Amino acid sequence: MLDKTLSPASFEQRIYEGWEASGAFGARPDSAAEPFTIMIPPPNVTGSLHIGHALTFTIQDTLVRWRRMQGRDALWQPGTDHAGIATQMVVERLLAGQGVNRREIGREKFVEHVWEWKAQSGGTITRQLRRLGASLDWPRERFTMDAGLSEAVREVFVTLHKQGLIYRDRRLVNWDPKFQTAISDLEVENKEMKGSLWHLRYPVEGEAGRFLVVATTRPETMLGDTAVAVHPDDERFKDLVGKFVILPLTGRRIPVVADEYSDPEKGSGAVKITPAHDFNDFAVGKRHGLGMPSILDADGAIWLDEIEGELREVDGVAEPGFVRGLAGQDRFAARKAIVAELERLELLEKIEPHNNAVPHGDRSGVPIEPRLTLQWYCDAATLAKPAIEAVETGATEFVPKHFENIFFSWMRDIQPWCVSRQLWWGHQIPAWYAPDGSVFVAKTEDEAYAEARAKLGADVTLTRDEDVLDTWFSSALWPFSTLGWPQKTTELEKYYPGDVLVTGWDIIFFWVARMMMMGHHFMGGVPFKTVYIHGLVRDEKGQKMSKSKGNVIDPLELIENFGTDALRFTIASLATPGRDVKLGRKRVEDFRSFGTKLWNAARFCEMNGIAPDASFDPTKVQTPLARWILDAANNAIAEADAALEAYRMDDYANACYRFVWNGFCDWFLEFAKPALNGPEGAEKAEVKGVAQHVLGTILRLLHPVMPYITEELWDRFGYGPEFSLIRTPWPTPVAVPGAEDARAELDWVVKLVTEVRAVRSEMNVAPSVLVPLLLSGASTETLARAGRWIDAIRRLGRATEVRALEGDAPKGVAQVVVDEATVLLPLADVIDLGAERARLLKEKAKSEVEAEKVTAKLSNQDFISRAKPEVVEENRERLAAAQAETARLDAALSRISD
RNA sequence: GGGCGCUUAGCUCAGCGGUAGAGCGCCUCGUUUACACCGAGGAUGCCGGGGGUUCGAAUCCCUCAGCGCCCA
């Protein structure tokens, strides 16, 4: 016997282990079945499951289970990434807690610590994914730092270098002073901040008393100014172009240049140019051949090495001693000191409040610093071209479509990708340097030496590049590196390209775009055919979840309390295309009832001896009830398929919900009760047969989204051996004889019962009062139906009997119109005739309004001539129905008027 | 500044040319032998405003407003 209450905790773990042990998740490279491939977006190896993971992996698992049941050879490739910065940060903090600094212990030791940390915490997320029910092919699990994947990284780096698509360049990067590494544009978040606009007076050379006022949001960078730019058309400064100003504090002589970058409307109209500390200024500097001294070090502190030599004293303007005193000061402290000094020198014109976007490191949270350094770059623009084309031609399609615009906008304006990071945790760049500065890029040290010796002689000593690659560099190779590339494996042959990539819109640039570039370049084709983009999970108020806000919800806690299936079903129901998902504990609690409903329906079946029967043939059923529910099941299967094909998780979940609850439970089981309670015989046998068949269909239909409860019921009922539902074929519609007649018949019964219940409820008739139903104007078919369904109607409509009205209507009846017939409920003792009259008049008014609306339409000549004929015909039928209804209500009214 | 999305029942959201929907919530009734995480019934909408196209607009176009996001 099934327990009275559903307790997911009692079977989830056992079932998952059963599936996993039986190899149900495994891809079958040797099978002839058509593959279905999804690459997992690799979570951070040291991370833990958050609600966003629950969303994306529920969607992926649902798709995978569905396709697997359809007979596809499903590969859901698992794995994790090494998350360079994040992981290094965690381990550094851990060591700091023990009073250890990574620089003290050195690179090798530090990396050992990271591997230890990985060994310790690396299983967390994969364990949690198991709790979510994710049917990943675990034996194929990969890690971006695995030997194989590392080989792929080296291969790609070396190849791209040979092709000139990876190169070293000295240009401005986004420098994170906290982590002391370059980061990519994407890892920078601009935050709107309240700041100031400082107006500084730069004395014009040779014109005593004349100043050029520049406006800046970053006065501390003035130490590195090498020009002042004004707009070429700006009349105010025309005579100054080509002249020089004296840079305060340092005494440097810098030119006034004309450049369109300077906006006459902004600030003072003149802008200081600091090429080594601002991206725009860097461009101006290049255009005008300006010097580019750096004045900040890796910590973001003042650093004078590059300007020390040119400091000179200028009376009332520059004082080398002051500048030297700034050395080593943090950029923000230096700002204060410099502003104060300029004020003292009366070179500060004014300070205006000013809001500006300040770039912050997304991991470190500190303002990033543009810094001139030598880094490795990838020529993203060249790699992007075929990737853009692939989306333009539809080789890869985004779902929903509009996300393609986001992809295009970024890809068409893509900047060189800085791929080197000044970290220790990651793939060390395979580049070696000779003492003379020549660079040897090779897959191994031996190869690098071989090349170096050939070029520079036998006794050359090489030093390897200290830096590692951006984590996304290895993630970009994921769709093929996990399949064994650069080796030519059967997996690579069979599972590349993948079918669909599922991820949130925030990852389009970081990962999707880069996989598209690398996939195309190295595999000669797109890495996946479809990119399904879902929203992000937000709290019930639509706020982004964050630890600092304290509004995060823990998927594991939800699983503990409501079960994995409840969480998954909730997520699926709310996952509307491309929109963010507002999710709270309450939503999961509400949706939990669906699993309970299914459990109880199954329990009812069990109590009535409904059990799997392989000999049952749905195409041979005779009773309208069996035909009707099989037809409804066909419809549910079709809806589920269509929804899943279209990546509409919400539609799929809702179609299942409606069929199970409003079809199977509300009506089928109720209609089945008389037969189930009745004598053994053909009818009862067929009802039981169809019940077990449809319950089995429901379990299969729901399995992708609610894997646990469906497997538990499947096993307990004995539809198959333990843990076999996951491998059971997906249901397909069956040919149902006489479906249309069955639908007409059962729909009529439903309508009759619903109408009778409604009028009883409105007339406040207690359920305990049983009433005969008298049919007036009923066709012989209707009377026959009433006869066939008498037991169900009695039970569901609280009726004593159903028969044709003979002679005059009794006094005091409530009446409802059902198709051509009018149903009379003699309620002389309980009915309020006034209320009944009012009710009938209201009904009549409704049908009259309907008739009027349709009449207006039909009397419009344009409508008759221009609308589609079937629409016109439909409206004619509607009019006839409304008029007939009005007539029957009139008759009903006259019956109760004395 | 450029671009995108959203605005439909109290809440969360489907629908995207042909009779306004779902879930939850709310109100009334209910110990009918699966289920109160239940059953039956009910109420609730100028489909953001304005204009246009069309025989017909929540749905297509324009415009305005508000909210959100992305990129500068």
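Any value given below was found using the heavy atoms of this structure, including those in side chains, with hydrogens, waters and symmetry copies removed. A note on names: the letters A, B, ... follow the listed sequences, proteins ahead of strands, and every chain is numbered from 1. This one's a predicted model, so the numbers in the text were calculated from it and none came from an experiment.
Protein atom CD of A:Glu187 is 13 Å distant from nucleotide atom P of B:C71, rounded to whole Å. In this entry the distance linking CZ of A:Phe604 with P of B:U33 reads 11 Å, nearest Å. For A:Phe863 and B:U19, the CZ to P distance is 10 Å, given to the nearest whole Å. Taking atom NZ of A:Lys857 as the reference point, atom P of B:G56 lies 11 Å away to the nearest angstrom. Atom CE in A:Met411 sits roughly 16 Å away from atom P in B:C71 (whole-Å rounding). When the P atom of B:G42 is taken as reference, atom CZ of A:Arg839 falls 11 Å away, rounded to whole Å. Rounded to a whole Å, the CZ atom of A:Arg757 is 21 Å from the P atom of B:U28. Computed from coordinates, the A:Gln543 CD to B:G68 P distance equals 10 Å when rounded to whole Å.
Checking B:C35, B:G41, B:U7 against every side-chain atom of A:Ser761, the shortest atom distance belongs to B:G41. Here B:A40 is the nucleotide among B:A40, B:C13, B:A34 with the atom lying nearest to any side-chain atom of A:Asp666. Of all nucleotides listed (B:C55, B:A34, B:C4), B:C4 comes nearest to the side chain of A:His402. You'll find that the side chain of A:Arg866 is closest to B:U54, out of B:C4, B:C69, B:U54. In this structure, the nucleotide among B:G39, B:C13, B:C69 sitting nearest to the side chain of A:Trp505 is B:C69. When each of B:G18, B:U19, B:C71 is scored by its nearest atom to the side-chain atoms of A:Phe509, the top-ranked nucleotide is B:C71. Closest to the side chain of A:Glu874, out of B:U7, B:G18, B:C35, is B:G18. Taking only side-chain atoms of A:Asp650, from C-beta outward, the nucleotide of B:A34, B:A14, B:U19 with the closest atom is B:A14. Closest to the side chain of A:Lys673, from the set B:A34, B:C38, B:G41, is B:A34. Of the candidate nucleotides B:G30, B:U19, B:C35, B:C35 has the atom nearest to the side chain of A:Lys597.
At the heavy-atom level, A:Glu589 lies nowhere under 4.0 Å from the strands shown. A:Arg798 comes within contact range of at least one nucleobase, with a heavy-atom separation under 4.0 Å. Within 4.0 Å (heavy atoms only), A:Ala867 reaches at least one base atom of the nucleic acid. Across all strands shown, A:Asp590 has heavy atoms under 4.0 Å from sugar-phosphate atoms exclusively, and none from any base. Heavy atoms of A:Glu404 sit nowhere under 4.0 angstrom from any nucleic acid atom. Nucleic acid contact class of A:Thr576 (heavy atoms, under 4.0 Å, all strands): sugar-phosphate only. Among the atoms of the strands shown, none is found under 4.0 Å from any heavy atom of A:Asn405. A:Lys846 comes within 4.0 angstrom of no nucleic acid atom, judged by non-hydrogen atoms across all strands. Within the 4.0 angstrom heavy-atom criterion, only backbone atoms of the sugar-phosphate kind lie near A:Arg603; the bases stay farther away. Among the protein residues, A:Tyr657 comes within range of the sugar-phosphate backbone only, with heavy atoms under 4.0 Å from sugar or phosphate atoms but none that close to a base. The residue A:Cys665 sits close to a base: some heavy atom pair falls under 4.0 Å. A:Lys586 comes within contact range of the sugar-phosphate backbone alone, with a heavy-atom separation under 4.0 Å but no base atom that close. Note on A:Arg592: a base of the nucleic acid sits closer than 4.0 angstrom, heavy atoms only. Backbone-only contact: A:Lys582 has heavy atoms under 4.0 Å from sugar-phosphate atoms and none from a base.
Going from the C1' atom of B:G23 to that of B:G49 covers 29 Å, rounded to whole Å. With C1' as the reference atom, B:C27 and B:U44 are 11 Å apart, rounded to whole Å. With both ends at atom C1', the span from B:G10 to B:G42 equals 16 Å, rounded to whole Å. Of the C1' atoms belonging to B:U54 and B:C62, the separation is 15 Å, rounded to the nearest Å. Annotation: B:A22 and B:G15 have their C1' atoms spaced 10 Å apart (nearest Å). Annotation: B:C6 and B:C60 have their P atoms spaced 10 Å apart (nearest Å). Annotation: B:A20 and B:U33 have their C1' atoms spaced 40 Å apart (nearest Å). Spacing of P atoms, B:G25 relative to B:U63, comes out at 43 Å, to the nearest Å.
One N or O on the side chain of A:Asp832 and one on the backbone of A:Gly834 form a donor-acceptor pair closer than 3.5 Å. At least one donor-acceptor pair closer than 3.5 Å links the side chain of A:Arg716 to the backbone N or O of A:Met1. With A:Asp580 contributing its side chain and A:Leu536 its backbone, the two residues share a donor-acceptor pair below 3.5 Å. Distance alone, capped at 3.5 Å, places no donor-acceptor pair between the A:Asn600 side chain and the A:Arg603 backbone. Here the side chain of A:Ser865 pairs a donor or acceptor atom with the backbone of A:Asp862 at under 3.5 angstrom.
When Watson-Crick and G-U wobble pairs are counted only if both distances are under 3.5 Å, B:G68 pairs with B:C4. The base-pairing partner of B:G18, taking Watson-Crick or G-U wobble contacts with both distances under 3.5 Å, is B:C55. Base pairing of B:C35: no nucleotide in any strand meets the Watson-Crick or G-U wobble criterion (both distances under 3.5 Å). The base-pairing partner of B:U28, taking Watson-Crick or G-U wobble contacts with both distances under 3.5 Å, is B:A40. Nucleotide B:C47 forms a pair with no other nucleotide shown, judged by Watson-Crick or G-U wobble geometry with both contacts under 3.5 Å.
In this model, a donor atom of one side chain and an acceptor atom of the other lie less than 3.5 Å apart for A:Glu12 and A:Thr564. Looking only at atom types and distance, the side chain of A:Glu852 has no donor-acceptor partner in the side chain of A:Thr855 under 3.5 Å away.
Phosphate contact (OP1/OP2 of B:A34, side-chain N/O of A:Trp661, threshold under 4.0 Å): absent. OP1 or OP2 of B:G68 has not a single side-chain nitrogen or oxygen of A:Arg538 nearer than 4.0 Å. Listed pair A:Ser409 / B:G2 fails the phosphate criterion, with no side-chain N or O lying under 4.0 Å from OP1 or OP2.
Closest-nucleotide positions on RNA chain B for A:Lys853 and A:Pro577 were compared, and the one nearer the 5' end corresponds to A:Pro577. Residue A:Asp580 is the one, among A:Asp580 and A:Asp413, whose nearest nucleotide of RNA chain B lies closer to the 5' end (criterion: closest heavy atom).
Between A:Tyr708 and A:Phe11, the ring center distance fails the sub-6.0 Å criterion.
Residue side chain A:Thr596 reaches the base of B:C37 through a donor-acceptor N/O pair under 3.5 Å, judged by distance alone.
The cationic atom of A:Lys673 (NZ for Lys, CZ for Arg) lies less than 6.0 Å from the six-membered ring centre of A:Phe604 and within 45° of the ring axis.
For the side-chain contact (heavy atoms from CB on, under 4.5 Å) with A:Ile533, the qualifying choice from A:Val399, A:Ile507, A:Ile508 is A:Ile508, the only one to do so.
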